[in-house]
Amino acid sequence: MTNERILILDFGGQYDQLIARRVRELKVYCELRPCTMSIDEIKAFGPSGIIFTGGPHSVYEEGAPTADPAVFSLGVPILGICYGCQLMAKLLGGEVKPAQSASAREYGRTETDFDTASPLFQGLKKRSVTWMSHGDYISCLPEGFSPAARSEACPTAAIQNAARSFYGVQFHPEVRHTEQGMDILRSFLYGVCGLGGNWTMGGYRESAVKALREQIGSDRVLLALSGGVDSAVCAALLSEAVGKQLTCIFVDHGLLRKDEGDRVEAAFAGRELNFIRVNAGARFLAALRGAQAPEKKRKIIGAEFIRVFQEESAALGEIEYLAQGTIYPDVIESGGGSAAVIKSHHNVGGLPENIGFRGLIEPLRSLFKDEVRQLGRELGLPEELVSRQPFPGPGLAIRVIGPVTERKLRILREADAIFREEMAAAGLGQAANQYFAALTNMRSVGVMGDGRSYDYAVALRAVSTEDFMTADWTRLPYDLLDRVSGRICAQVPGVNRVLYDITSKPPATVEYE
Ligand code: XMP
């Protein structure tokens, strides 16, 4: 693990995860931790620099989140952002007040003038846009501080005590709207903290392999491989670390896309590990027979998955560790890494917590998704696996609307493969964040050759989104849709109509069930 470590103390701001991602983009390792961290825990973390995040409170509110003031005696550089800046001013003896007039509150794009003699702003343009979001302002600076940037409404848009390496910015350098935001973060990390930026996935691979070997010793590890990015990268990393001590169980539930199961298997063919593929398609289909309601289908699949996994692992005898591909956003969302709440994420992938393992191994729990993909490339996984779109655990069963049958799955697999092929051929593979075909439960009349047909309608869906919480339908070119529709009707027996879904989320969801 790198010795350059930034500690980000979390005061509850909406951009907190973004700060962590930006610091990582600048190749510096960082962790987002609750602001309630004790001074001993902070010392044990060994930060090279500390960032205080923004937050929704006012520093003078009763019970407003705060940090242990001893943090200012560690001799470690500190950057306070928005609420973090105001808190630093208050804790060091300055004064923060609510802005009296509406014009003194700033929200959104704000022209800001920088003192480019400040170590934080060296080399910057003197004036540029920052992103502000504050109703309070620093009315009196603490001793030893001076202003380092100003806007029309705020004479303390940035403050500094360069001798102690304490800096505060009222705006948000982590959001893209702040034009020189990355430069400012870079100055803090490389200039003020004196870091070199040595956090790379090549380095992570090396240190993670070493740490895994130490932790696992000669014990054995079991991993449920789903074919998704996280579990695949987890498997590749563990196989490099402990080789044959790792056993991966890949439950092929028969609900994957065309050739997907074989591709997952092929990606691990040359690696040292025990790879068990369980072809359980018939079992899952039998369990799903007659089920129509989406939630019922999901529950059946989840329960069947656990049953198959438990049977297979029981047959292997006692294995000490269970590995999981938990990633950093899961950890942050479950409480920022505080031990009490991590458990809620132990059953990622639907595995029950208590299935008799001595310990849990989560080698990706400090990585963001884009870092996981990068690590996968480092480990030589094929690009199609590493840059794979999200694919739901219940697979095609929730893209066949209503009852699932083998015939319907066959139809959907072929139609979906054609859609993906044509997207790739048109160079539009990155044009949408997720795209797929679904098989509607509707049959309609058509005419094919000289005869009447009464066949299914396939729906095509493509969405553009940042976080999958909201999504817009992607405006795919008509000629592409035309080619896809033509090929599906001509080449996939059982389909005589193709529909394009033009619904955003909300009101729809990305998937159909
Ligand atoms: P929805 O349909 O909720 O989907 O708008 C949002 C994103 O989540 C994926 N998704 C799932 N992923 N297990 C998963 O691992 C699931 O059960 C599941 N359901 C939806 C979906 O593909 C989309 O990316």
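Remember, it's 1-based here, ligands and their atoms both numbered in the order they're listed.
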Report yes or no: do [X] and [Y] form a side-chain donor-acceptor pair below 3.5 Å?
X    : Y    : answer
W199 : E25  : no
N198 : Y29  : no
H253 : E304 : no
R497 : S444 : yes

Looking only at protein heavy atoms, which one is nearest to [atom], and how far off is it?
atom                    : value
atom 7 (C) of ligand 1  : F468 CB, 4.1 Å
atom 3 (O) of ligand 1  : K505 NZ, 3.7 Å
atom 17 (O) of ligand 1 : R298 NH1, 2.5 Å
atom 12 (N) of ligand 1 : P392 CA, 3.5 Å
atom 22 (O) of ligand 1 : E511 OE2, 2.5 Å
atom 14 (C) of ligand 1 : G393 N, 3.4 Å
atom 23 (C) of ligand 1 : Q434 OE1, 3.3 Å

Protein non-hydrogen atom found under 4.0 Å from atom 9 (C) of ligand 1: no
Ring geometry between Y83 and F11 (parallel below 30°, tilted from 30 to 60°, perpendicular above 60°): tilted
Any N/O pair V510/ligand 1 closer than 3.5 Å: yes
Ligand 1 versus A471: contacting region, heavy-atom distance under 4.0 Å: neither
Per-atom contacts of ligand 1 with P390, taking only distances under 4.0 Å to non-hydrogen atoms: 24 (O)
Subset of ligand 1 atoms that lie under 4.0 Å from at least one heavy atom of T509: 1 (P), 2 (O), 5 (O)
Pair Y435 and F419, ring centroids less than 6.0 Å apart: yes
Donor-acceptor contact below 3.5 Å, side chain R388 vs main chain G227: yes
Flag, side chain of S231 to backbone of S226, donor-acceptor distance under 3.5 Å: yes
